[in-house]
Amino acid sequence: MDALPRPKLKSKKPKYSRFTQQELPAWKPILTPGWVIASFVAVAILFIPAGLLCLSASERVVEIIDRYDDECLPDSYSNKGDSFIQSKDTNKTCVRTMKVPKKMTAPVFIYYQLDNFYQNHRRYVKSRSDKQLRDPGFADETRDCKPEDNLHGDENEPIIPCGLVAWSLFNDTYILSKGNKVLDINKKDIAWKSDTEIKFGSDVYPKNFQKGELIGGGELDETKPLSEQEDLIVWMRTAALPNFRKLYGKINSDLEANETITIVIQNNYNTYEFGGEKRIVLSTMSWIGGKNDFFGIAFLTIGGICLFMAINFILLYVCKPRPLGDPSYLSWNRNPSGQ
Amino acid sequence: MSLDDAQIVNVNPQQQSPDTLQNSSSHDGIQSKSWRASSVQEVGFVDFGSKSVPQGAESEGFSMSMSHREINNEDSRLVYVNDALKTNERFEFAGNSIRTAKYSVLSFLPRNLFEQFHRVAYIYFLIIAILNQLPQLAVFGRGASILPLSIVLLVTAVKDAYEDWRRHRSDRIENNRMSFVLVNDRFQQKKWKDIQVGEIIRFSANDTIPCDIVLLSTSDPTGVAYIQTINLDGESNLKTRYAKLETLSRVPEKDRMNGLIKCEKPNRNIYGFHATMEIDGKHLSLGPSNIVLRGCVLKNTNSAVGVAVYAGNETKAMLNSSGAPSKRSRLETRMNREIILLSVFLIALCTVVSVCAGVWLGRHRDDLDMLPFYRKMDYSEPVAENYNYSGFGMEILFTFLMSVIVFQIMIPISLYISMELVRVGQAYFMIRDDKMYDETSNSRFQCRALNINEDLGQIKYVFSDKTGTLTENKMEFKYASILGVDYSGEGTDFDGEQRGYCIQVNGQVWRPKMMVKVDKVLLRLSQTGNNMKANEQIYDFFLALAACNTIVPIVVDTSDPSEKLVDYQGESPDEQALVYAAAAYGFMLMERTSGHIVIDIQGERQRFNVLGMHEFDSDRKRMSVILGCPDGTVKVIVKGADSSMFKIIDKSRNLDVVRATESHLHSYSSIGLRTLVVGMRELGVPEFEQWQSSYETASTAVMGRVALLRKVAINLENNLNIVGASAIEDRLQMGVPEAIESLRKADIKVWVLTGDKQETAISIGYSSKLLTSNMSQVVINSNSKESCRKSLEDALITSRKFVVSGDPHAGGSGALIIDGTSLVYILDSELEEQLFQLANNCAVVLCCRVAPLQKAGIVALIKNRTDDMTLAIGDGANDVSMIQMADVGIGISGQEGRQAVMASDFAMGQFRFLVPLLLVHGHWNYQRMGYMILYNFYRNAVFVLVLFWYVLFTGFTLTTAVTEWSSVLYSVLYTSVPTIVVAILDKDLSRRSLLTYPQLYGAGQRQESYNAKLFWLTIADTLWQSIVVFFVPLFVYWKSDIDGSSLGDLWTLAVVFLVNVHLAMDVIRWSWISHASIWGSIIATCICVIIIDIIPMLPGYWAIFDLASKGSFWICLLGIQIAAIVPRFGIKMFIQHCKPSDIQIAREAEKFGNSMESRGAEIEMNPPRR
C-alpha cells in the first residue's frame, strides 16, 4: 500500500551540524605505555635536579636562631614570667651572644619568631579595621575591634589603630653589636611597599593607642603617620600559622664566620602567659626564601618515586605486554575457563 | 414503518475496559487498539425513527452503578441554555479566558520563590545562609553568604520568567481568538475569553472549538458533526458527534431556546461525559458523543451550533494539560545514598572541630581573659565584662554550627543544579540527533522526562508491544480466501495503464488515497459481475468489506482539479485496509451518512440502507451490520475473529469451504498476518421484523442496554454462510530485526507483550529475529491454576537445561511463550516466582493475548524481583500502564494516537531508534553523569578538607585562610563550568564503536561508572590530594614570615588548578569547548583572586603579587600538582594496562586503526554469553 504524496509538511528534521551531532573535531589522547613511561621519566628528570638545586640553595642559607624568652627571665622570676613582664620595676634588658657559623653576606635579615601565638585565631584576625588604617575619615569605624575599639568605652575616643591585632603589637627591641661596634639595623622597607603606600594612610596618626586599662604590647609614635610605622605594618600582616617569624630589620653588612654577635634585648613582650616562645633569627636569603630543606627533600622524593614508577611500568610492559585495542581482552571474548 | 424510513444513526468509537482479559485476545484483528485503555466507555446512542432513546451505558463491570446514577445536585452544574446570566448567577463558573501562565507580575516573586524552595537542596542553602546571619556565627560576610543561593535562585527565576512570558503570550493569542456567539438573538463575533458558560456558539467548518460545548444542531440533517481531535489526543482521523434530534430543528436566532443542562462537575476524563438536558419539558440524556471539547476542529460539516458547558480552565482539555511524569533516576537514588554518607563525613568533621575547640578552650580556660589573641574580658567598660563569650558550652555549639557553615559545600548542592543543566544539555543532543528523526511521521525524538536520561544507559530488560511498535501498524490487505479458494497470488502491481481503480463522478476522477496491490485473478473475477456462483461470493465478500465497518469516506482535493482522492477515515487501521482493498477491487465506498451508504460497484453506484449495526465488543469479538440492499433484500453481514466466527457459521452447508478456509487461515497467521472471517446471511421478512422490534426495544431500554443489545446481536448472528477470510499484513518496521539483534548483543532481554494470537506473535517473533530456529520453545497455555503450576514446573526442568548446557549457541537457548489466560493464574499468585525463574532461564519471552494491566503486571514481576532496569516501549493506549510501570517508558508516536506518548518519559518515531537511544545516548549519558557525580563529590570534598586541615592549626576557630569570596566562588565559578561542559560533551567512545559493539553497553548494566568501590576510591584519592594541597605549603612556610592571605591565595590556586588538572586528566575528547572551559576556569580563577587582592579594604591586599614574586610559590604550586596527581595517574595507568575495561580497549582500537576489526571478525562469530 503506497501513500500518494501528502501535502508537504514543514520538516522537523534536525539541521545537521557537527555540534548537534556531537561530532566536533576533538583530540583524543590515549596514554600509551610510551607516554606513561615518558611522563614519569619527565617528572623524574625535572624534579630530581630541581630538588638538588633547592637543597643546595637551602644549604647556602645561613641561619642563627636563639630562643631567649626563658633565658632572659631572671632566676627569681622563673615560672613567674607573667608577673616579671607585667611589673614596671623589673629590668627587662637581657644580653645574649651568638656565633656566626658561616659567612653571612649582606643583607642579613633579622626576624623575631613567635611560637604558639595564634595570630590566625578567628577572634584575633577579625579584630581590626582596615578602613580606619587607610583613611582618617573612617577613624570611628571600630565596629569589629571590640574590646579594643574605643578608649574607656567612649565612642568619641576611637582607638587608632584599633583592634586586638594592633593592640598586641610586638615590642621587644634588639641592639646587635659585633665586638664593640654596634651594627646598624635598617628598619626601613621591612614592610610591603603596597602596604606603606596604599593600605596604611600617610595621614592617619595613632590616637588613644595603648591608653586603655590593659596594655597589650608596643606603643606607637603619635607624630608619625601609620604608613611610616613599619613595625606595626609588618605585625598587622597576620601570620598564617601559629609558629611564625616577622621581619625586624636588615643588616646591610656581611657577618664573617666565627664572629660573635652580642644582642641586647629589651624583653618587653609577654608570651609567658600563654606558653609562647620567642626567638631571634638572623638569616640570609636564597631564591627559595629562608632555610628550608623540605622543598629539596620533597622534590627528590617525588622525582624518585616517579623514576621508580617509570622503571616498574617498563618492567610491567615488558613482562606482561598487552597489544593496544586487542579485542581478545574484551569481556565477552575472554574465555571463561581460561581466565 | 417501512424500511426506508428507518434510520439508524450509530457510529461511534468503541472501547473496552482494560481489565477484561478476553479483551485483548482478538480485537487486534478487528479494530484499532487506541481506545482500549480508557476505562470509561463511550456512550453510544441510537436514534430510531422519530423516537430518540438516549442511552448512557458503560462497561459491563460498573454499568449498573453508573448508568442509572442520577446526577446529584451537589455534584452537578446547571447550565441554562442561552442564558449565561442565570447560569452564572449562582455559581461563578470559570470564564473562558485561559491561563496557563503561572505567575503575574505581582505574584511572580513570592510564588516563584515558594516553588523553588520546594527543593531540599535550596532549603539547606537557605538554612546555612540564615545561620550565617546570626552575629555569633557570622563566618562569611552578609554578601558572600547569600551570593551562591541568590545566583541559583536568580538563574532559575530568569528561566521561569522567560517560560512564563511565553505562556502569557500564547495565552493572550488564544484568549483573543474570535467566535460567533448568540447575543440578543444574533450571532456576533466575540473574543474567546469573553465566552461564558450557557452561551450558544456557532462554528463553521475548520473552526477550532473555544470551550467544551454540547451540540445543539449541525448543518447535517441528521445532526452529525465530524471533528478532528488532533490537538487533544493527536489522532488525526475524524470522529463523529451528534446533536440531539430535539434540538436539531431549532434555529437559535428565531425561536429562543430555553433549556437546562445538568452535567457533571468539570473533570479530566476526555472520553466521558454524563448529563441530562431538559428542553421543552422533555428529558434528554447526553453522553460523550454529544459533547465537543475545546481544541477540536470541526471538519466536513458546514456549521454547527452548541452551548458552552465548560469554559476556560475547566474544560477537559485544560484539565488534562499536565506535565511530564516525574521519576527519579537510578543513578540519582544511588547518589543520594552517597550524599547521606557525605553528610555523615560533614558531621564528623564538625564534631572533630568542636571537640578539639572544647579541649583547647578547657586548657586555656584561665588565660582566656588576657590572651592577646582571645581577650575574653572587655575592660573598657567600668565593670569588666565578658566580651563575645557565651560560656563554654555555647562556644562549642557555636563552633559546631560555624563549622557546618564553613564546610557546607561538602554536600554538593551545586551538583543538583549541575545535573539539571547537564540533563538539559543531554536532552538537547538527543532531540537534535538526526539519526533519531523519523521521516515518515516527521517527528523528532522527544524528551518528556528530564531526570532519567542516565537510566537509558543501564537497561537490562526491554518490554515491547508488538503492533505499532515492532510493526508499522499500517495494515495492508494481503490475501483473501473466498469460498475456500485461496487468492494469495503475489500481489502484483497495477496494470501499466490503469493506476488502481477509479470512478468518474461529475466529470471528476475519484480514486482511493491508498493503492493496494491486487491479485490479478481475483481482480478479473471481481470485474466479471455476479452471475456465477463463485463470482457471487466474491461480490458478497467485497460488499462485506466495503459495508461492514465504521469507516467514513472523505473526499480530498488534489492539485489537479479534475482528480479527487477518497480518504477513508476510521478508528481502526484494519478496517481502513479492508475498505481500501475493496475499493481496489472495484467496490468503492463513496458516501456514508447516518442511514445509508453509497458504494460504487464496478462503476455502478448503489445505495444500501444501514438498518442496524451491532458494534464490536470483546465478548463476541465480531461486529455485524444489517443492510437493506437495492433489490429489497435484507442481509446481515458479520465479520470477526476466526475463533468467534466459526462458532456461528453453519458448517453443515459448506463443510469443504469451511475446512479449506480454516487451513488458509492457519497458513496466513503462521506467516504473521492478521486474519478476519466474513460471514453473511439473508434475513427473511419475519425474522427481520422480529429482530427490528427487539433491536428497538433493546436500544430504548433504560436498564442494561448493552447486555440487551448483545443478546439481540447473538440471536441474529447465527447460521451464517461463510463468505471468506481476509489476511492483513502489519509490516515490521524498518530495522526491527537488526535493532533486536543489537539489543540482544548488548545483553538486553527483549520481551514482547502483545494482544495478538499466539501464531501471529510467534511468526512476528521469527521475522523480527527475536526467535531463531535453534531455540527451543517452551509454551505455556493453561486454563487453570493447577495446570499452570504443572506446566511451569515441567518448563522449569526443561529450561534448566538451557542454563546447564551453558553454551547458548550449542543447544540453542530457550524461548518462553505464554498466553494471557495462563498469566491470569500466575500473576499475583505464588506461581509468580516460578515464572520469574523460568523467564530468567529463557533468552526470549513472548507473551500473547495479554491485557493492558497484565502488561504492567509482567513489568512489575521483573521490577520487584531484580535490581535491573526495565524499559517499556509501546504506542497504544493499552501500553500506558506498562509504560508507567517500567523504570523508563518510551512512547512510539505512531498511528495510534498519543496516549502512550503522553504517559511516556521519552517518545520517538520508530522502534529501531531504541538502538541509538540506549547504546549511544544512554551509554554516553550514564558515563557522563556517573563521572560528573563522582567528580563533584571529589571537587567539593577536597576543598572542604583543605579548609578543615587549616582549622586544626588555628586553635580550632574556623578561620579560613582562603578569602571568604573565594570559598563562596569556588563551587559557583572557579570549578563549575568545566564539569558541566565535560558532562555534556565528553564522549568515551564514538557512535560507530558503540553501535558496532553493542556489548559495550554492558558498562552501564554493570554500573561501571558509578558504584560504591569508585566512591570510596574517589574519597581516598580526595583525602590524599587534600593532604598534599594543604601540607606541602604548610611545611614549606612553617616558621616563616608568610601571612595568612598569601598562604590562602596559594591554597586557593593550588586547589583550583588541581581539580581542573584532575578533570583534564579524565577528559577523553578534547574539543575546543573543553579546552576553553577548563583552561578558561583556571584563568578566571586567577583573575578573581587578583581582583579580590587589589581591594585595599581587605586584609589580603596585594598578597597575590607579593606571593607571585617569590620562587617558592611557583615551585610549591608545581610540586602540589604533581604530588597530588601521581598516585591517581599511576593507579589509573596500572588498571588500564592490567585490567582494561571494554571501553578502554574499544577506545584504543578506535585510535589505533582497524586491528580490532580484522580480528574482531572471527570473534564476532561468537555471540555474547549471557
Using heavy-atom distances under 4.5 Å, tell me whether A:Y118 contacts chain B through its side chain, its backbone, both, or neither. both

Taking the side chain as every heavy atom from C-beta outward, state whether B:D434 and A:T20 have any pair of such atoms under 4.5 Å apart. no

Which answer fits B:S990, side chain, backbone, both or neither, if we ask what part of it has an atom under 4.5 Å from a heavy atom of chain A? neither

When B:H1075, B:R1069, B:K1110 are compared by non-hydrogen pairs under 4.5 Å with chain A, the top option: B:R1069

Under 4.5 Å heavy-atom distance to chain B, tell me which part of A:S39 shows up: side chain, backbone, both or neither. side chain

For A:Q21, give me all partners under side-chain hydrogen bond (donor to acceptor under 3.5 Å, both in side chains), at least two apart in sequence or on another chain. none

What's the shortest heavy-atom distance between A:E148 and B:R375, and which atoms? OE2-NH1, 2.9 Å

Which atoms of A:A298 come close to chain B, meaning under 4.5 Å heavy atom to heavy atom: side chain ones, backbone ones, both, or neither? neither

Side chain, backbone, both or neither of B:L371 within contact of chain A (heavy atoms, under 4.5 Å): both

Flag for B:D1142-A:S331: side-chain donor and acceptor within less than 3.5 Å: yes

For A:Q113, which atoms come within 4.5 Å of any heavy atom of chain B: side chain, backbone, both, or neither? side chain

Out of curiosity, B:D1106 CG to A:R237 CZ, how far, rounded to the nearest 0.5 Å? 7.5 Å

Walk me through it: do A:F19 and B:S1071 pass the test side-chain contact (heavy atoms from CB on, under 4.5 Å)? CA-CA 10 Å; A:F19 176 72; B:S1071 67; over 6 Å; no

Portion of A:F117 that has a non-hydrogen atom of chain B nearer than 4.5 angstrom: both

So what's closer than 4.5 Å to chain B heavy atoms on A:W287: side chain, backbone, both or neither? both

Counting C-beta onward and ignoring hydrogens, is there a side-chain heavy-atom pair between A:L24 and B:I1073 closer than 4.5 Å? yes

Proximity of A:F274 and B:H364 rings by center, below 6.0 Å: no

Parallel, tilted or perpendicular: which one describes the rings of A:Y317 and B:H1137, with boundaries at 30° and 60°? perpendicular

Side chain from CB out, backbone as N, CA, C, O: work out which of these in B:Y950 comes under 4.5 Å of a heavy atom of chain A, or both, or neither. side chain

Can you see which heavy atom on B:E1148 is nearest to which on A:P323, and at what distance? OE1-O, 4.5 Å

Nearest-0.5 Å distance that lies between atom CZ in A:R322 and atom NZ in B:K1139: 13.5 Å

Heavy-atom distance under 4.5 Å to chain A: side chain of B:R1006, backbone, both or neither? side chain

Once you measure the plane-to-plane angle for B:F1134 and A:F313, does it fall in the parallel (<30°), tilted (30-60°) or perpendicular (>60°) bin? perpendicular

For B:Q1136, is it the side chain, the backbone, both, or neither that has a heavy atom closer than 4.5 Å to a heavy atom of chain A? both

Measuring heavy-atom distances to chain B, does A:L214 have an atom under 4.5 Å in its side chain, in its backbone, in both, or in neither? side chain

For A:P29, which atoms come within 4.5 Å of any heavy atom of chain B: side chain, backbone, both, or neither? both

What part of A:F47 gets within 4.5 angstrom of chain B, counting heavy atoms only: side chain, backbone, both, or neither? side chain

If you count heavy-atom pairs under 4.5 Å with chain B, which of A:Y16, A:F244, A:Y329 comes out on top? A:Y329

Specify the closest pair of heavy atoms between B:T957 and A:N120, including all atoms of both residues, with the distance to one decimal. OG1-O, 4.3 Å

Among B:W924, B:F445, B:W1072, residue most engaged with chain A (heavy-atom pairs, under 4.5 Å): B:W924

To the nearest 0.5 Å, how far apart are CD1 in B:I1145 and CG in A:L324? 9.5 Å

Heavy atoms of B:G1130 and A:F40 approach each other most closely as CA-CZ, 4.0 Å

So which residue, B:P1096, B:A581, B:G1111, ends up with the most heavy-atom pairs under 4.5 Å with chain A? B:P1096

The interface call for A:I302 against chain B, heavy-atom contacts under 4.5 Å, is side chain

Among B:P1099, B:G1002, B:G1044, the residue with the most heavy-atom pairs under 4.5 Å to chain A is B:P1099

Below 4.5 Å from any heavy atom of chain A, which atoms of B:F1105 appear? Answer side chain, backbone, both or neither. neither

Just to be sure I understand the criterion: a residue of residues 163-170 of chain A counts if one of its heavy atoms is under 4.5 Å from a heavy atom of chain B. Which ones qualify? A:L164, A:W167, A:S168

Run the side-chain contact (heavy atoms from CB on, under 4.5 Å) check on A:Q22 and B:L985 step by step: do they pass? CA-CA 7 Å; A:Q22 308 193 55; B:L985 292 179; 5.6 Å; no

Heavy-atom distances under 4.5 Å only: say whether A:D115 touches chain B with side chain, backbone, both or neither. side chain

Below 4.5 Å from any heavy atom of chain B, which atoms of A:R134 appear? Answer side chain, backbone, both or neither. side chain

Check A:P14 against B:I431 and note the closest heavy-atom contact, atom names and distance. CG-O, 3.9 Å

Of the listed residues (B:S443, B:A1103, B:A961), which shares the most heavy-atom pairs with chain A below a 4.5 Å separation? B:A1103

Give, as side chain, backbone, both or neither, the part of A:L133 having an atom under 4.5 angstrom from any heavy atom of chain B. neither

Separation between CG (A:N243) and CZ (B:F953), nearest 0.5 Å, reads 9.5 Å

B:M436 versus chain A, the contacting section by heavy-atom distance below 4.5 Å: neither

State the CZ-NZ distance between B:R1147 and A:K28, to the nearest 0.5 angstrom. 10.0 Å

The interface call for A:T271 against chain B, heavy-atom contacts under 4.5 Å, is neither

How about A:K193: does its NZ atom have over 12 heavy atoms from other parts shown lying under 6.0 Å from it? no

With chain A, which of B:G955, B:P372, B:S1141 has the greatest number of heavy-atom pairs at distances under 4.5 Å? B:P372

Hey, do the aromatic rings of A:Y124 and B:Y374 have their centres closer than 6.0 Å? no

Donor-acceptor pairs under 3.5 angstrom involving side-chain atoms of residues 1032-1041 of chain B: please list them, not counting sequence neighbours.
residue: B:Y1037; atom: OH; partner: B:S1112; partner atom: OG; Å: 2.9
residue: B:S1040; atom: OG; partner: B:Y1037; partner atom: O; Å: 2.9
residue: B:S1040; atom: OG; partner: B:I1042; partner atom: N; Å: 3.2

Interatomic spacing from CD1 in A:I37 to CE in B:M1133 - rounded to 0.5 Å: 12.0 Å

Name all residues meeting the disulfide bond (SG atoms under 2.5 Å apart) criterion together with A:C145; count only those two or more places apart in sequence or in a different chain, and write none if there are none. A:C162

Tell me, side chain or backbone of B:L1118 under 4.5 Å from chain A's heavy atoms, or both, or neither? both

